[in-house]
Amino acid sequence: ETVLPMTGHMDDFRWFVCSQDVGVEKPGAAIFERAYREAQFWAGPLEKDEILHIGDSLEADYCGARAFGFQALYLDRSQNARVTVYQDWLAASEYP
């Protein structure tokens, strides 16, 4: 469903937004809108520019978040040989 459970940090978050639940992938505005509503529910009134989105896709994460009005941090792991980027998750490795 999402990468988050594979990281071992699922219990560190009160909430998260998954494109599968929203029906739109990043950089679609609807997924950022859902994240914005969830953030306001859990943290109270917030302006969009008070939210930081961190992601490893320049187009989907950084540009999508900035276009929506969030702060954004691009996590560039392109020089890390241990990181494999799958453009097609259907061809990705199986995870336990």
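Residues take their numbers from the sequence shown, with the count starting at 1.
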- Item | side chain to side chain contact (heavy atoms under 4.5 Å, CB included) involving A30 - partner list, sequence neighbours excluded | V22, V24
- All side-chain hydrogen bond (donor to acceptor under 3.5 Å, both in side chains) counterparts of S78, not counting sequence neighbours: D76
- Taking only residues two or more places apart in sequence, or in another chain, which ones meet R77 in a side-chain hydrogen bond (donor to acceptor under 3.5 Å, both in side chains)? D56
- Query: Does NZ or CZ of K26 lie under 6.0 Å from the centre of the six-membered ring of F32, at an angle within 45° of the ring axis?
  - Reply: no
Could you give the side-chain donor-acceptor pairs of residues 8-17 under 3.5 Å, partners two or more places apart or in another chain?
unit_1 : atom_1 : unit_2 : atom_2 : d
H9     : ND1    : D12    : OD2    : 2.8

- Message: Once side chain to side chain contact (heavy atoms under 4.5 Å, CB included) is applied, do any residues pair with L46, and if so which ones, sequence neighbours excluded?
- Response: A39, Q40, A43, E50, I51
- Query: What's the spacing between L75 CG and S57 OG if we round to 0.5 Å?
  - Reply: 11.0 Å
- Contact list for residues 66-75, test side-chain hydrogen bond (donor to acceptor under 3.5 Å, both in side chains), sequence neighbours left out: none
- Message: Hydrophobic clusters here meaning ILVMFWY residues chained together by side-chain heavy-atom distances under 4.5 Å, can you tell me if F41 and F70 are in one?
- Response: yes
- Task: Might you work through the side chain to side chain contact (heavy atoms under 4.5 Å, CB included) test for L73 and H53, ending with a clear yes or no?
- Result: CA-CA 6 Å; L73 182 112; H53 176 84; over 6 Å; no
- Query: How close do P27 and G64 get, heavy atom to heavy atom, and via which atoms?
  - Reply: CB-CA, 3.7 Å
- Note on the structure: Taking every heavy atom of K48 against every heavy atom of F68, the minimum-distance pair comes out as CD-O, 3.2 Å
